[in-house]
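Since the structure is predicted, the reported quantities are computational estimates derived from the model, not experimental observations. Below, chain A is the first sequence line, B the second, and so on; all start at residue 1.
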There are 2 protein chains.
Amino acid sequence: MTKKPRYSRQRDAILEILKNDDGHIEAPEIHRRLRKIHPKLSLATVYRNLAQLESLKKISSIKNDSNINFFEIYREPHHHFVCEKCGGIQNLTYPTINICTSCISPHSNFKINKVATTLHGVCESCNVSQKLLNITKSF
Amino acid sequence: MTKKPRYSRQRDAILEILKNDDGHIEAPEIHRRLRKIHPKLSLATVYRNLAQLESLKKISSIKNDSNINFFEIYREPHHHFVCEKCGGIQNLTYPTINICTSCISPHSNFKINKVATTLHGVCESCNVSQKLLNITKSF
DNA sequence: AGTCTAAATAGTATTGATTCCTACTTAGTT
DNA sequence: AACTAAGTAGGAATCAATACTATTTAGACT
């Protein structure tokens with residue numbers, strides 16, 4: 001149905017960055033990294049290709065609480081942890097829970113494309129530095 | 001710890017709107033509705049109070065795929081359905097699954113504040129109108 | 001290996017929800 | 001009644017993301 005997109009060096013490089021990173025990266029960070037090799041790469045190109053790659057299911061995206069979009073290479077469904085302090089995102093490595101598709105069945109005319117379970121809170125490193133700060137304050 | 005905020009007619013009116021609506025409302029829509037009674041109400045005031053009410057756990061918010069924030073009166077934890085077409089949000093009325101807190105236990109230094117499960121797809125009314133459109137096209 | 005064209009890009013302008021800023025108003029305490 | 005810290009109105013600023021436009025290029029077809 002959807003035609004295979006034409007090759008582009010830029011898109012390839014963007015995908016390569018995401019393949020070789022096990023974290024979640026923002027578009028401007030991808031842009032920054034690639035500028036070292038492709039000095040003329042435009043940020044708009046990064047955004048356009050990320051959107052295209054996502055619609056091709058080669059990558060996936062998740063937003064933190066500040067609405068900033070983070071990208072990762074496509075992986076089997078999993079959950080995310082979003083830090084409210086630093087805005088960072090981490091994958092949670094425990095079995096996915098496939099609960100929703102059956103539960104939604106009463107709403108038979110809905111079309112479900114994605115089930116996302118996201119935990120919001122304070123990540124390990126922010127939590128530790130918060131504790132240290134509290135100790136300091138108590139003096 | 002946190003001091004009780006001073007009374008404000010505006011904040012009260014915002015909370016009242018949300019109490020009397022079982023859906024999910026955007027800030028500008030709340031602003032629009034209240035302007036009829038409070039013609040001088042500022043949109044910034046609406047946003048500021050919504051943020052405050054949320055931190056007091058009196059309301060909760062959820063973003064659709066276009067990053068638009070929707071607000072509802074605080075209810076027991078439940079899941080949401082976000083429509084990719086119209087951007088609308090609906091509550092899913094089936095038991096919440098409390099899976100995550102135990103699964104996250106290996107990450108003992110994390111602080112978990114919220115577990116959000118959100119389904120993304122096409123809602124009933126958008127799905128129906130899509131089907132009608134396809135029938136029309138086939139002529 | 002040259003021509004053609006739709007897709008992709010670079011660079012910049014624009015958008016739009018949300019937040020910031022500042023002078024003014026007001027709840028509620030003394 | 002005066003005081004003051006919290007709240008407000010109105011408009012400016014922010015900033016991630018998208019739109020726009022002239023230029024470049026993948027890759028198909030002679």
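- With respect to A:D21 and A:R33, a salt bridge is recorded, a charged nitrogen being found less than 4.0 Å from a carboxylate O.
- Ranking D:dG10, D:dA26, D:dA9 by closeness to the A:R6 side chain, first place goes to D:dA26.
- With a cutoff of under 4.0 Å to any heavy atom of chain A, the contacted region of DNA chain C is bounded 5' to 3' by C:dA6 to C:dT12.
- In the model, B:Q90 has no side-chain atom that pairs as donor or acceptor with a side-chain atom of B:H79 under 3.5 Å.
- Rounded to an integer number of Å, the gap from OH of A:Y7 to P of D:dA28 is 15 Å.
- In this structure, CG of A:N64 is placed 13 Å from C1' of D:dC15, rounded to the nearest angstrom.
- The side chain of B:S8 approaches D:dT8 more closely than any other nucleotide in the set D:dT8, D:dA16, D:dG10.
- Heavy atoms of B:P5 sit under 4.0 angstrom from primed sugar atoms or phosphate atoms, though from no base atom.
- Side-chain contact of B:N91 with B:H24: a donor-acceptor pair under 3.5 Å is present, judged by distance alone.
- Contact check of residues 36-55 of chain B against DNA chain D (heavy atom, cut-off under 4.0 Å) returns B:K40, B:L41, B:S42, B:A44, B:T45, B:R48, B:N49, B:Q52.
- Taking the side chain as every heavy atom from C-beta outward, A:P5 and A:L56 approach each other to under 4.5 Å.
- The environment of A:N20 atom CG is dense: over 12 non-hydrogen atoms of other residues, nucleotides or ligands sit within 6.0 angstrom.
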